[in-house]
Amino acid sequence: MAPGKPAPRATLFPVASLTKPVVSLTVLQLVRQGQWNLDEPLVHYWTDPDLAADPRLSQLTTRLVLSHRSGLPNWRYQLPGGKLAFLHAPGSAYGYSGEGFEYLRRALERKFGCSLQQLSDSVLLRPLRLRDTRYSWADDRLLDSTRLAVGHDARGAVLRTPKPAAPNAADGLVTTVQDYTRFGAWVIRQTSKPDSVWQAMVAPLTPTGQPNQAMGLGWEVRTITSQPDQGYLLLHSGRDEGLFTLIVLHPRTRRGLVLFTNADRGAELIIKVLRATLNLPELES
């Protein structure tokens with residue numbers, strides 16, 4: 001992309017933690033098909049060597065991972081010695097965790113004998129025609145580096161944009177605005193269905209400590225208190241060096257926003273867009 005020029009429709013953006021909703025919906029599709037159980041212990045399929053001797057491992061389930069109650073840290077490197085450990089018992093408290101999603105990925109891949117990319121392709125990405133959504137750059141035939149939006153620091157200097165060679169269920173997804181918008185529109189349609197899986201997805205399961213905010217299954221759920229008849233919002237954001245991304249869905253009005261930026265100061269622009277469009281106090285934090 002040339003500086004000062006609009007990004008073409010086919011621009012590829014790394015979206016950081018917006019990886020998690022795609023993984024979550026992949027899992028929920030498997031649940032709906034009867035191929036996966038939200039409440040089965042993940043230890044049935046995968047045991048991380050760092051946790052092998054911890055009896056709490058049998059309490060860790062998909063439902064707890066998707067609602068950020070796994071008890072695991074965000075990343076193991078943040079702990080002494082870089083070894084994975086429970087910060088608290090699974091299910092006992094909120095704690096945002098990338099490691100939880102990675103644990104889930106390993107369990108899924110072990111059970112189904114294929115990669116996370118292959119699983120997502122089969123139940124989500126191909127059915128929705130999301131052709132430019134990939135977890136890694138392992139296959140350069142499907143991702144074109146010339147279409148990549150490179151990151152910028154707070155002063156506008158170009159940063160090296162990582163191109164992960166292996167999938168990570170919590171971070172690293174590459175996609176386009178067109179693909180992710182199609183995904184968001186599909187999610188909105190599912191929220192109106194009485195299916196128990198979709199209703200579990202939007203139920204506020206885990207309070208985050210902020211007013212009217214809780215985690216559902218793979219999404220933050222915010223109650224719209226400023227306009228009580230407007231229901232709730234589904235949100236997720238992503239932040240890595242050189243990028244900030246956000247998706248906001250409003251099921252009641254069937255509206256939503258997908259906002260990708262390739263700059264450390266992208267959040268400043270996103271806040272302005274939110275004020276000019278949805279204009280809800282619930283999006284000020």
Side-chain angles (χ1 to χ4, degrees), residues 14-28 36 38-111 115-116 120 135-136 162 164-173 201 204-210 213-222 235-247 264 267 285:
V15 295
S17 284
L18 288 199
T19 306
K20 295 182 179 75
V22 175
V23 172
S24 299
L25 269 297
T26 295
V27 173
L28 293 179
W36 194 253
L38 283 171
D39 299 307
E40 182 178 11
L42 296 178
V43 71
H44 289 177
Y45 304 106
W46 167 253
T47 298
D48 190 290
D50 290 351
L51 298 174
D54 195 317
R56 294 174 292 184
L57 192 56
S58 63
Q59 303 171 33
L60 183 60
T61 67
T62 300
R63 191 185 301 272
L64 297 183
V65 168
L66 297 186
S67 58
H68 290 284
R69 291 178 291 164
S70 68
L72 297 172
N74 194 18
W75 298 114
R76 70 181 71 201
Y77 72 78
Q78 298 168 329
L79 299 183
K83 288 194 171 184
L84 188 62
F86 285 111
L87 301 180
H88 46 76
S92 64
Y94 169 74
Y96 190 83
S97 176
E99 288 287 353
F101 273 73
E102 273 289 84
Y103 206 107
L104 175 58
R105 175 181 67 82
R106 291 184 174 92
L108 287 164
E109 292 180 339
R110 181 66 62 85
K111 176 181 178 178
S115 70
L116 176 62
S120 290
Y135 290 106
S136 76
N168 183 311
D171 189 280
L173 188 78
M201 177 181 75
L205 298 175
T206 310
T208 64
Q210 299 297 318
Q213 298 180 24
M215 288 302 306
L217 297 180
W219 298 91
E220 180 187 326
V221 183
R222 292 196 191 184
L235 302 91
H236 212 293
S237 63
R239 183 195 293 270
D240 276 338
E241 185 180 32
L243 70 92
F244 190 88
T245 58
L246 180 74
I247 181 171
D264 280 340
S285 60

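Every value quoted in this text rests on a predicted model; they were computed, and no experiment measured them.
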- request: Quick one: pull up CG in Asp54 and CG in Asp48 and give me the separation to the nearest 0.5 Å.
  value: 11.0 Å

- request: Under the side chain to side chain donor-acceptor pair (under 3.5 Å) rule, what do Thr61 and Arg63 come out as? Steps first, then yes or no, please.
  value: CA-CA 5 Å; Thr61 67; Arg63 191 185 301 272; 6.0 Å; no

- prompt: Between Arg105 and Val23, is a side chain to side chain contact (heavy atoms under 4.5 Å, CB included) present by the stated rule, with each step listed?
  reply: CA-CA 9 Å; Arg105 175 181 67 82; Val23 172; over 6 Å; no

- prompt: About how many Å separate CG of Leu51 and CG of Leu84, when rounded to the nearest 0.5 Å?
  reply: 4.5 Å

query: Donor-acceptor pair, Asn74 side chain versus Gly98 backbone, under 3.5 Å?
result: yes

query: So, for His88 and Tyr94, is the gap between ring centers shorter than 6.0 Å?
result: no

field: Exam field: side chain Asp240 to backbone Ala16, donor-acceptor pair closer than 3.5 Å
entry: no

message: Using a 3.5 Å distance criterion without hydrogens, assess whether the side chain of Ser24 forms a donor-acceptor pair with backbone atoms of Leu217.
response: no

CG-OH distance between Asn168 and Tyr135, expressed to the nearest 0.5 angstrom: 10.5 Å

query: Counting only heavy atoms not in Glu40, do more than 12 fall under 6.0 Å of its CD?
result: yes

query: Do you see a donor-acceptor pair shorter than 3.5 Å between the side chains of Tyr103 and Ser70?
result: no

field: Under 3.5 Å donor-acceptor, Ser97 side chain and His68 backbone
entry: no

query: Which heavy-atom pair separates Ala170 from Phe101 by the least distance, and what is that distance?
result: CB-CB, 4.1 Å

message: Please determine whether a side-chain nitrogen of the Lys or Arg among Glu109 and Arg106 lies less than 4.0 Å from a carboxylate oxygen of the Asp or Glu.
response: no

message: If I compare all heavy atoms of Gly172 with all of Pro164, which pair ends up nearest, and what's the gap?
response: O-CG, 4.1 Å

query: Heavy atoms, side chains only, cut-off 4.5 Å: are Asp264 and Phe244 in contact?
result: no

Shortest non-hydrogen separation from Pro90 to Gln59 and the atoms involved: O-OE1, 3.7 Å

field: From CH2 (Trp46) to CG (Leu57), nearest 0.5 Å
entry: 11.0 Å

message: So does Arg76 get a backbone contact from the side chain of Glu99, meaning a donor-acceptor N/O pair under 3.5 Å?
response: yes

- request: Test Ile247 against Leu235 for side chain to side chain contact (heavy atoms under 4.5 Å, CB included), laying out the working first.
  value: CA-CA 6 Å; Ile247 181 171; Leu235 302 91; over 6 Å; no

message: The test is side chain to side chain donor-acceptor pair (under 3.5 Å); show your working for Tyr96 and Lys20 and say whether it passes.
response: CA-CA 11 Å; Tyr96 190 83; Lys20 295 182 179 75; 2.9 Å; yes

- prompt: When rounded to the nearest 0.5 angstrom, what distance separates CG in Asp171 from OG1 in Thr19?
  reply: 5.5 Å

- line: Rounded to the nearest 0.5 Å, the CG atom of Leu66 sits from the CH2 atom of Trp219 at a distance of 12.0 Å

